[in-house]
Amino acid sequence: MTKPAPARFPQDLSDAVTGGVGDSPLRPDGRLKVTGQYAYSSDLWHEDMLWGATLRSPHPHARIRSLDYSAALAHPGVHAVLTHEDVPGENVYGLKYADTPVLAADRVRCQGEPVALVAAEHPEIARRALRKIKVDYEVLEPITDPERAAHDEDLPALHPDGNLVRYQRIVKGDPDATADVVVSGVYEIGMQDQAFLGPESGLAVPDGDGGVDLYLATQWLHVDQRQTAHALGLPLEKVRLTLSGVGGAFGGREDLSMQIHACMLALRTGRPVKMSYHREESFFGHVHRHPAKMYYEHGATRDGKLVYVRARLYFDGGPYASKTPVVVGNGTTLGAGPYVVPNARIEGWGVRTNNPTCGAMRGLGAVQPTFAYESQMDKLATALGMDPAELRIRNAMKEGDTGVTGQVADFPVAVAELVRRVRDMPLPPERTGPADIRELPGGASNTTHGEGVVRGIGYGVTIKNVSYAEGLDDYSTARVRLEVAGGEPVALVHTEAAEVGQGLVTVQQQIARTELGVQRVTIHPNDTSVGDAGSSSASRQTYVTGGAVRNACRAVAESVCALAASKSGRPAEGLTLSGGKIVDGRGEVIADLVDVLGTDAVEETREFHHRPTVPLDPETGQGDAHVQWAFSAHRAVVDVDTELGLVKVVQLDCAQDVGKAINPDAVIGQIQGGSAQGLGLAVMEEIQVSGGKVRNPSFTDYLIPTTLDMPPMRIEIVERADPHAPYGVRGVGEPATISATPAIANAIRNATGLELPRVPIRPEHLTGT
């Protein structure tokens, strides 16, 4: 059987623009996206394809007594109905721990858990068939309190190893130290959704030889390949994955969704199968941000120097582990913030409940404690009678300081500078007369003319690890080919690294232009035929895939220079590529690249491994767990209608150290987008769960910021190069999300004088109703 091609993708991510490292070339996929020509995974099509659909549990916790799908299978147009008994390999998968069933067998542990699959000629036929599947459930009492799940041994165990996924303790100095001034608080953060616009979707195409090709939107092709092949009982080479257009990710595509299901249906029916979730199903089809409850106590001297931090953090992971172990590790190791703290005791629990499964989301594990410790810093500033910005500056980490795990910051740390920069940015003008009601909270609805509206200013500062941690060998692979096409040199860059909207395709082109001295650079489609590049998460891809592309380009350049030397009889030492030429150390042109290559092509594959990290000591949590830290600071200005509980973010300014801005315009875009997600968490975004059930699985009831909600932003990019990183880069994508939320929350507190220990802050929190 000849492997059929999926729907044609018009995008050609090639040489439409120019620009090297430090420039801001246009994205090669930008025009296609804004004109609607870009093909996303939900646009995939095959003339002979079937449609797949998933039956999901309506209960957060239940036993499956029986399942009868005979009526569904007999429905006209239905080609297959599959249950856990039809999983060819092992009925389990998972990112860190293999604990998630492909299809529920005897028990469901969360609402929306997949129970059965249908393949049919039309999506509506598939949906009708789902309604004919009869499942007899014995409904069980759900476990919904994460703190209780961490400590109550009398609760039923959701898995054989219990309800505790990970416990981590961090101990530095004297954990029982005392201080002159002490503040404490209990803080909570709600469950946030990634809210990407492109739903989970993909197309599985059987190859007629027992294997399958899967075209999909994901964040990590190779880890999807490994998990899918394991469940299908196939060797890796029989399961080939190609990245399709990704309509946003933010961590929500790290776990599997439809991958195994679509492949199972395709292999059973022998026909291509497309699966595409609708919006409500998407809320159940991917993980969310961990909600958390956090107990914090800070002690300081009377002049504002931190003496100790003590904290207990509870992360609700839902019934399956996903990224909960990493969230606990990040949350505890970063739990004191970007501040010098001589004494600390921080404990973190990641637990299983029957609430929705939670996993990776932008700012993984750092968002929750940052809200808590930045709330504490404002509370401490009030207790000390000190300016909140000055308190942060006084305690800011600098190069050479140690974090709570004992790790030394052996790279520039500009925390104090970032706070000063946002503090010193111009403030919006104060209202001195009658206000334009459109500029007030709720003003578009004519709810106020300024009465009861008060203004507040708040700061938020964060520390976030970059790349994977705790001893994981985190690396990326790149294959680069240089040849002549159309009478000029052309570079082809091939990695598995997923472009999820962050602009990685542009970065790879910029690096290739800089290293090879050519302008035409084409990006090969991402697939599993090249070595692993890891996930597009943890703010890591510019660091590790950028490093791999750089290494491969330099290997190509070395081979080309050796070829030129052999042809010219001159030594290869000192030769470089520039402007399509080969030049010596004095800048003299030795040869034209086109002439040296001729009909030959030079291709090299290289990996980039960042410097090693180590696992945390299980008793003390000490160790060099992280590759790099990234920092950002926000200052928010808000207006609050204290009578109606409405909030308008008037201005949201940010300063972030990016090490080296490979593409300054893209960096600004990342900071703007991240700040919008932080704003959403501060005042509107929450998956509301009651008794384990989601109450608002739609964009009607789950609110996300629009352009009308985003205030003006001043952004200052700081470049303090990390000597250990390629080009000195520092991860950009996550920090702005993290520090925006507490800045806005602190500004609302400043305006109202209320405690406000929970985000998102809703109207009833402000009015007391």
Side-chain angles (χ1 to χ4, degrees), residues 8-41 43 196-198 217 243-250 478 480-482 485-486 488-495 497-526 533 536 539 541-543 545-546 549-550 553 578-580 654 656 658-676 707 710 713 715-717 719 726-727 729 731-733 736:
R8 175 174 173 77
F9 275 51
Q11 50 261 41
D12 174 23
L13 307 184
S14 57
D15 52 298
V17 294
T18 61
V21 170
D23 298 326
S24 294
L26 295 175
R27 291 179 55 135
D29 56 350
R31 182 180 296 275
L32 295 167
K33 286 180 174 177
V34 300
T35 58
Q37 299 177 71
Y38 190 84
Y40 292 94
S41 59
D43 297 316
F196 41 70
L197 296 185
L243 188 72
S244 301
V246 181
F250 314 115
V480 175
R481 179 182 178 92
L482 186 62
E488 58 181 317
V490 179
L492 176 67
V493 179
H494 187 187
T495 74
E499 169 59 62
V500 296
Q502 80 277 45
L504 183 63
V505 289
T506 320
V507 166
Q508 292 178 84
Q509 289 181 320
Q510 290 178 258
I511 291 172
R513 294 189 191 107
T514 296
E515 298 293 340
L516 298 177
V518 301
Q519 286 302 317
R520 291 187 59 191
V521 180
T522 298
I523 303 299
H524 190 285
N526 307 90
S536 288
S539 302
Q541 284 294 11
T542 296
Y543 193 125
T545 294
V549 173
R550 182 199 63 178
C553 286
S578 178
C654 181
Q656 182 169 330
V658 304
K660 169 65 179 178
I662 300 293
N663 185 313
D665 283 355
V667 166
I668 293 293
Q670 285 288 290
I671 293 172
Q672 290 171 332
S675 299
T707 55
M710 280 302 294
M713 289 191 69
I715 297 173
E716 292 192 12
I717 298 174
E719 295 182 283
Y727 306 110
V729 301
V732 172

Task: CA sep, side-chain torsions, deciding dist, call: I511, V21, side chain to side chain contact (heavy atoms under 4.5 Å, CB included) - done: CA-CA 6 Å; I511 291 172; V21 170; 4.1 Å; yes

- [ ] Go through the steps for N526 and T495 under the test side chain to side chain contact (heavy atoms under 4.5 Å, CB included), then give the verdict.
- [x] CA-CA 6 Å; N526 307 90; T495 74; 3.8 Å; yes

Task: From CA spacing to verdict: side chain to side chain contact (heavy atoms under 4.5 Å, CB included), Q656, V732 - done: CA-CA 8 Å; Q656 182 169 330; V732 172; 3.9 Å; yes

TODO: Give the intermediate values and the outcome of side chain to side chain contact (heavy atoms under 4.5 Å, CB included) for residues E488 and R520.
DONE: CA-CA 8 Å; E488 58 181 317; R520 291 187 59 191; 3.0 Å; yes

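Rounding to the nearest 0.5 angstrom, the gap separating the SG atom in C654 from the CD1 atom in I671 is 5.0 Å.
The shortest side-chain heavy-atom distance between I668 and P664 does not fall under the 4.5 Å cut-off. With contacts defined as side-chain heavy-atom distances shorter than 4.5 Å, the pair T506/P25 qualifies. Taking the side chain as every heavy atom from C-beta outward, V246 and S41 never approach each other to under 4.5 Å. Contact annotation: the side chain of P726 approaches that of Y543 to within less than 4.5 Å [non-hydrogen atoms, C-beta and beyond]. At a threshold of 4.5 Å between non-hydrogen side-chain atoms, the residues Q519 and V521 do not count as touching. Considering only heavy atoms from C-beta on, E719 comes within 4.5 Å of V658 through its side chain. Using a 4.5 Å heavy-atom cutoff, the side chains of V518 and L482 are in contact.
Not a single side-chain hydrogen bond (donor to acceptor under 3.5 Å, both in side chains) links T707 to another residue, sequence neighbours left out.
Listed for the Q502 side chain is a donor-acceptor partner under 3.5 Å among the backbone atoms of V500. Using a distance-only test at 3.5 Å, with no hydrogens or angles considered, no donor-acceptor pair links the side chain of E515 to the main chain of R550. A donor-acceptor pair is defined here as one N or O able to donate and one able to accept, closer than 3.5 Å; such a pair exists between the side chain of S24 and the backbone of D665. For R27 (side chain) and V505 (main-chain N/O), no donor-acceptor pair under 3.5 Å exists by modelled atom type. No donor-acceptor pair under 3.5 Å is formed between the side chain of Q509 and the backbone N or O of A512.
In plain terms, the two heavy atoms of A498 and L504 that are nearest each other are O-CD2, 4.1 Å. Of all heavy-atom pairs spanning I717 and A661, the tightest one is CG2-CB, 4.4 Å. Of all the heavy atoms in M713 and S675, the pair that sits closest is CE-OG, 3.3 Å.
Between Q510 and N663, the side chains place a donor N or O and an acceptor N or O closer than 3.5 Å (distance only, hydrogens not considered). Remark: the Q508 side chain and the T545 side chain contain no N/O donor-acceptor pair separated by less than 3.5 Å.
For the pair K33 and Y38, the distance from NZ or CZ to the six-membered ring centre is under 6.0 Å and the angle to the ring normal is within 45 degrees.
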